[in-house]
Amino acid sequence: MDIPWVLAWFLVLMKWLVKQEPSAYSWSDFVKDGKTSWTGVRNYTARNNLGKMKKGDQVFFYHSVEDKAVVGIARVVRTAYPDPTAKEGDWSAVDLAPIKALARPVPLQRIKADRRLKNIGLVRQGRLSVMPLTEPEFRTILRMAGK
DNA sequence: GCCAACGTTGGC
DNA sequence: GCCAACGTTGGC
């Protein structure tokens with residue numbers, strides 16, 4: 001049986017979450033730019049996750065330190081390429097573009113309080129800056145944001 | 001290859 | 001500002 005190509009494509013898309021300190025680069029900076037290259041990742045696990053991103057994947061934008069909340073959704077517009085800001089070493093960047101801000105940002109506190117989200121990197125590995133989310137995890141956060 | 005020392009991130 | 005968690009570095 002053939003799967004319609006639209007559905008097939010939907011099934012392979014992955015979900016991600018990236019962290020950024022808003023004092024360094026905020027969601028509003030991102031919206032103003034319309035697109036950005038996600039450079040500066042210097043952690044192997046995070047870099048490997050960047051490498052798995054596919055064009056069209058959806059990515060939550062999380063504000064660390066000051067806000068501690070998921071504030072928006074972006075999409076991958078260019079897959080991994082060598083990070084131009086890396087003077088040495090094998091580091092990667094991707095290009096992201098904003099889709100939309102969440103109606104209500106989802107604070108870390110609420111994420112931690114939800115049993116369905118207890119396995120996400122944000123909770124289990126606090127320092128990881130680029131992490132995958134399962135489809136249910138992604139939808140749970142989306143629902144918490146109130147459509 | 002082990003592990004102590006050190007550096008960084010990020011929540012509290 | 002503190003500190004836990006984690007990653008990296010470098011001496012042995």
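A, B, ... follow the sequence lines: proteins, then strands. Residue 1 opens every chain.
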- Query: Are A/D57 and A/K52 within salt-bridge range, i.e. N to O under 4.0 Å?
  - Reply: no
Length of the [atom1]-[atom2] vector between [X] and [N], whole Å:
X: A/N43; N: C/dT9; atom1: CG; atom2: P; answer: 12 Å
X: A/L128; N: B/dT9; atom1: CG; atom2: P; answer: 13 Å
X: A/E66; N: B/dG11; atom1: CD; atom2: P; answer: 10 Å
X: A/H63; N: B/dG10; atom1: NE2; atom2: P; answer: 13 Å
X: A/I111; N: B/dG10; atom1: CD1; atom2: P; answer: 14 Å
X: A/R47; N: C/dT8; atom1: CZ; atom2: P; answer: 10 Å
X: A/L108; N: B/dG10; atom1: CG; atom2: P; answer: 12 Å
X: A/E88; N: C/dT8; atom1: CD; atom2: P; answer: 14 Å

May I ask you to verify if any side-chain N or O of [X] is less than 4.0 angstrom from the OP1 or OP2 atom of [N]?
X: A/Y62; N: B/dG11; value: yes
X: A/Q109; N: B/dG11; value: no
X: A/K19; N: B/dT9; value: no

Do other residues, nucleotides or ligands put more than 12 heavy atoms under 6.0 Å from the [atom1] atom of [X]?
X: A/Y44; atom1: OH; answer: no
X: A/Q109; atom1: CD; answer: no
X: A/R110; atom1: CZ; answer: yes

- Item | Gap separating the CZ atom of A/R139 from the OG1 atom of A/T134, nearest 0.5 angstrom | 8.5 Å
- Task: Looking at every strand, decide which applies to A/K68 at a 4.0 Å heavy-atom threshold: base, sugar-phosphate, or nothing.
- Result: base
- At under 4.0 Å between heavy atoms, what does A/R124 touch on the DNA or RNA strands: base, sugar-phosphate, or nothing?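 If one applies the 4.0 Å heavy-atom cut-off, A/R124 turns out to touch the sugar-phosphate alone, with no base involved.
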- Query: Where the side chain of A/Y44 is defined as all heavy atoms beyond and including C-beta, which of B/dC12, C/dT8, C/dG7 is the nearest nucleotide?
  - Reply: C/dT8
- From the options C/dG7, B/dC12, B/dG10, select the nucleotide whose nearest atom is closest to the side chain of A/V65. B/dG10
